[in-house]
> 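Dropping the structure in here first, questions after.
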Amino acid sequence: MKTNIKIQKLRNIGIIAHIDAGKTTVTERILFYTGRSYKIGEVHDGEAIMDWMPDEQERGITITSAVTTCQWGDKDIQIIDTPGHVDFTIEVERSLRVLDGAVGVFCAVGGVEPQSETVWHQADKYLVPKMAFVNKMDRIGADFFRVVEMMKERLNANPLIIQLPIGSEDAFRGVIDLLGMRRLIWESDEPKEPFKSDEIPSDLQELAVEYRDKLIETLAEVDDDIMEKYLEEAEITTPQLEDAIRRATINLKLVPVLCGSALKNKGIQPLLNAVVQFLPGPLDVPPIVGRNLETGEKISYTADEKGPLVALIFKVSMTEGRKLSYVRVYSGWLKAGGDVYNPGRKKTEKISRILKMHANKRERIESAGPGSIVGVVGLKDSSTGETLCDQKEPVLLEQMIFTKPVISISIEPKTHDDQEKLDQVLEKLMAEDPTLHVKQDEDTGQTILSGMGELHLEIVISRMKREFNTNVNVGKPQVVYRETLAAEASASGVFDREVSGTRHFAEVFIELIPLPRGGGLRFTADASVNAVPPEFIPAVEKGFRESMEYGELMGYPVVDVEAVLTGGSHRENLGSEFAYGVATKMACREAMTKGSPYFLEPIMKLEVFVPETFTGDVIGDLSARGGKIESISAKGDSQIISASAPLSKMFGYTTSLRSASQGRGTFTMKFSRFDQS
């Protein structure tokens, strides 16, 4: 395989979707048809190449994003297959941060499902151009046009249909290519059987012409060149349409939509053609922007081989006891054996090896240029979301923001040997996963493990046993609450003490004011210069924020509170940052006690899919759990129940739903907000 990939022929794409929409199946077919693998690994058999972890193979789901590289024609495609389960959203988040384009996979039966919305909006946040593949056209209930309408309604997308399905369910045989105006037909489900391209049958001609006209009209609305030709009624050639679709896709104005059945090996080759044709390369997307550490000014970096090194670590993996860092290079070159600078930690690190990844397999290369996504061995201190650059030109890329955990379990080692290994194992797991938090409960001495959901923590415990041979006893899941105030409260804090032979004095008056839900933490200084000298204001704010990390009720973080520094006093030559920080904490603790603190708990958003017959039982069960029904809509012979419910009441809901629906109901659940139940 080539190591110096030509930038203009490179495509960095992610496969994103709701769980069970067929992302990994699509990826497996892409690897087969590009010649990257010679045997198709099926998810349901536990043999998918991209789902290489034992837990992934057993459960038939993707847990960790996997990177691979393949070739289609003269283009090199670097693919990241991402998870679909809401508990592993962080994997999608950090993958989209470094991708140039994405393929959203939608189930032709389920349509745009809740997690599809989540990952789509994550891609919107990072301005990632997208195309859509409506999968499972062979399934009973498949409806291509309904999925397209759902994309408009739920995703606020502007879909551009470039293929029409020929038949659906058992009758699905192929597609009409609206650009080439040809019929593409797969006469067999066998993967090695080539598809045929021929004339569109007479009974489908009228439909094809209608949708090609709609395609041109949609393009004309977003592309001036096409609009001009459309108004002049001039002939618009296929290459002109293709160029316009590429421009509109890259500029986030349109989403090309294709369809097929990955499991039945239909529609993958045209999808690959569309990926290389319409999704951007590293030179087509806006330059990455960083901040110069010395001057503070913003600097843009294009994908330039001759430019200074600018790269981002987007993921860390601990495999076989070694730390493997996944890196996206934006500018310059990474070289094996060379030094790189981490400006966030102000440390120089040495790269011992650079690896081209294929799921859990790897190939050593000597260097990686702009656009490359590679594995790097040798980075000891650097972590997820941190920048690597040239020490002569230090630059810091925008930090990645990670979601706070909402659920906790207590763990304790089973044996003395497990006790010795536990801290080290947890440290490795946290290095991999920024959404995993660990703390010690001072009252009980237990280790508290916090994550994004029951499945997330279940996988962590399984990995501790499988990969690190560490066994633990697990306590019942506990909800991670927040605390806030019901009323305004004021208090003062005085610190007047001798520490290490030096006298320190500070006095502050603090008022705490409740904010609306989602208000966060705010600080306002409203004290005179004579009361609190300006140089100590940052120390007061720091003291306030630190005091909000532990509430007065049960030690949970405090949210939605504003602190106002209303006054204070100081003594000449005795004031210090230390004294003002301690005095502020004392005042905040007293004010919190006076302000009638109360708990906020995680409220989850649910979508329950259930046959109409069982709707009443399911709604009754949700109501008993404190759930609030927000809407009920029909989809075929099923009902979609949208609801919100406190997380504390949702433990074991999977079993309860199966019981209420005779095993036919399914649901998705994601964090919505912290609020009173």
Side-chain angles (χ1 to χ4, degrees), residues 3 12 14 50 52-53 63-69 78-82 88 90-99 288 290 308-391 394-402 424-436 463 467-468:
T3 53
N12 289 321
M50 301 301 277
W52 55 271
M53 290 174 63
I63 293 168
T64 182
S65 52
V67 181
T68 191
T69 306
Q78 295 183 133
I79 303 173
I80 300 182
D81 176 32
T82 64
F88 308 106
I90 178 60
E91 290 287 337
V92 186
E93 182 88 16
R94 56 187 177 186
S95 297
L96 287 170
R97 174 75 163 78
V98 298
L99 290 170
I288 191 75
L309 172 66
V310 179
L312 181 76
I313 302 169
F314 68 95
K315 173 176 167 150
V316 170
S317 175
M318 307 298 290
T319 54
E320 299 171 3
R322 293 184 178 179
K323 182 178 178 181
L324 176 65
S325 303
Y326 288 80
V327 175
R328 161 72 192 257
V329 183
Y330 289 99
S331 169
W333 286 86
L334 272 181
K335 295 182 180 176
D339 291 339
V340 291
Y341 184 62
N342 182 330
R345 296 181 183 264
K346 295 183 170 56
K347 284 191 175 183
T348 300
E349 301 235 51
K350 184 174 284 292
I351 293 177
S352 57
R353 281 184 290 161
I354 301 176
L355 306 168
K356 181 67 71 176
M357 304 301 298
H358 179 47
N360 63 329
K361 298 180 176 65
R362 55 203 70 171
E363 170 193 340
R364 287 184 71 160
I365 57 176
E366 292 304 311
S367 58
S372 298
I373 295 176
V374 292
V376 170
V377 178
L379 302 177
K380 293 179 181 177
D381 298 311
S382 301
S383 189
T384 302
E386 295 181 358
T387 308
L388 301 177
C389 63
D390 190 327
Q391 191 164 4
V395 62
L396 198 62
L397 299 179
E398 183 185 349
Q399 288 279 2
M400 297 168 75
I401 299 169
F402 304 115
Q424 193 176 13
V425 170
L426 289 173
E427 193 176 317
K428 288 179 178 179
L429 289 169
M430 283 193 295
E432 279 193 14
D433 186 351
T435 61
L436 187 68
R463 289 190 60 201
E467 296 177 33
F468 302 100

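One-based numbering along the sequence shown. We use all heavy atoms of the structure for the numbers below, so side chains are in, but hydrogens, waters and symmetry mates are not.
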> I need the Thr68 OG1 to Ile79 CD1 distance, nearest 0.5 Å.
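Result: 6.5 Å between the selected atoms.
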
> Donor-acceptor check, side chain of Glu349 to backbone of Ser382, threshold 3.5 angstrom: yes or no?
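Yes; at least one donor-acceptor contact below 3.5 Å.
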
> Closer than 3.5 angstrom, by distance alone: can the side chain of Lys347 be matched with the main-chain N or O of Lys380 as a donor-acceptor pair?
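Not a single qualifying donor-acceptor pair exists.
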
> Nearest heavy-atom pair of Gly369 and Val329: which atoms, and what distance?
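Heavy-atom minimum between the residues: O-CB, 3.4 Å.
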
> Any side-chain heavy atom of Arg97 within less than 4.5 Å of one from Lys315?
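No. Closest side-chain heavy atoms not under 4.5 Å.
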
> Got a second to check how far Thr384's OG1 is from Met430's CE, nearest 0.5 Å?
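Thr384 OG1 to Met430 CE: 12.5 Å, rounded to 0.5 Å.
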
> Closest approach of Gly344 and Leu396, non-hydrogen atoms and distance?
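Looking at all heavy atoms of both residues, the closest pair is N-CD1, 3.9 Å.
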
> Identify the heavy atoms of Val377 and Leu324 that sit nearest to each other, and give their distance.
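For Val377 and Leu324, the tightest heavy-atom pair comes out as CG2-CD1, 3.9 Å.
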
> Please name all residues satisfying salt bridge (Lys or Arg N to Asp or Glu O under 4.0 Å) with Lys335, sequence neighbours left out, ordered by chain then number.
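By the salt bridge (Lys or Arg N to Asp or Glu O under 4.0 Å) rule, Lys335 matches no residue at all.
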
> Backbone N or O of Gly337 within a donor-acceptor pair of the Lys350 side chain at under 3.5 Å?
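Yes.
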
> Below 4.5 Å, heavy atoms only, C-beta onward: do Val316 and Leu379 meet side chain to side chain?
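Val316 does not reach Leu379 side chain to side chain.
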
> Rounded to the nearest 0.5 Å, what separation is found between the CG atom of Leu388 and the CD atom of Glu386?
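Interatomic distance, Leu388 CG to Glu386 CD, rounded to 0.5 Å: 8.5 Å.
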
> Taking side chain to side chain donor-acceptor pair (under 3.5 Å) as the test, write out the residues that go with Thr348, two or more places apart.
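In terms of side chain to side chain donor-acceptor pair (under 3.5 Å), with neighbours along the sequence ignored, Thr348 is linked to Gln391.
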
> How long is the span from the OG atom in Ser372 to the CZ atom in Arg328, to the nearest 0.5 Å?
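Output value for this atom pair is 8.5 Å.
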
> When you measure from the side chain of Arg345 to the backbone of Asp381, do you find a donor-acceptor pair of N or O atoms at a distance under 3.5 Å?
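Looks like yes, one N/O pair under 3.5 Å.
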
> Shortest non-hydrogen contact from Ser352 to Ala336?
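Smallest interatomic distance, heavy atoms only, reads O-CB, 4.3 Å.
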
> Could you tell me whether the side chain of Ser331 and the main chain of Pro308 form a donor-acceptor pair under 3.5 Å?
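Present.
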
> Say you draw a straight line from OH of Tyr330 to SG of Cys389; how long is it, rounded to the nearest 0.5 Å?
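Nearest 0.5 Å value for the OH-SG distance: 14.0 Å.
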
> Have a look at Asn12 and tell me which of Ile373, Thr69, Ile80 forms a side chain to side chain contact (heavy atoms under 4.5 Å, CB included) with it.
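The single option meeting the side chain to side chain contact (heavy atoms under 4.5 Å, CB included) with Asn12 is Ile373.
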
> Enter the distance from Leu355:CG to Tyr326:OH here, rounded to the nearest 0.5 Å.
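Reported value, rounded in 0.5 Å steps: 9.0 Å.
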
> Can you give me the closest heavy-atom contact between Gly385 and Leu312, atom names plus distance?
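That closest heavy-atom pairing would be O-CD1, 3.7 Å.
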
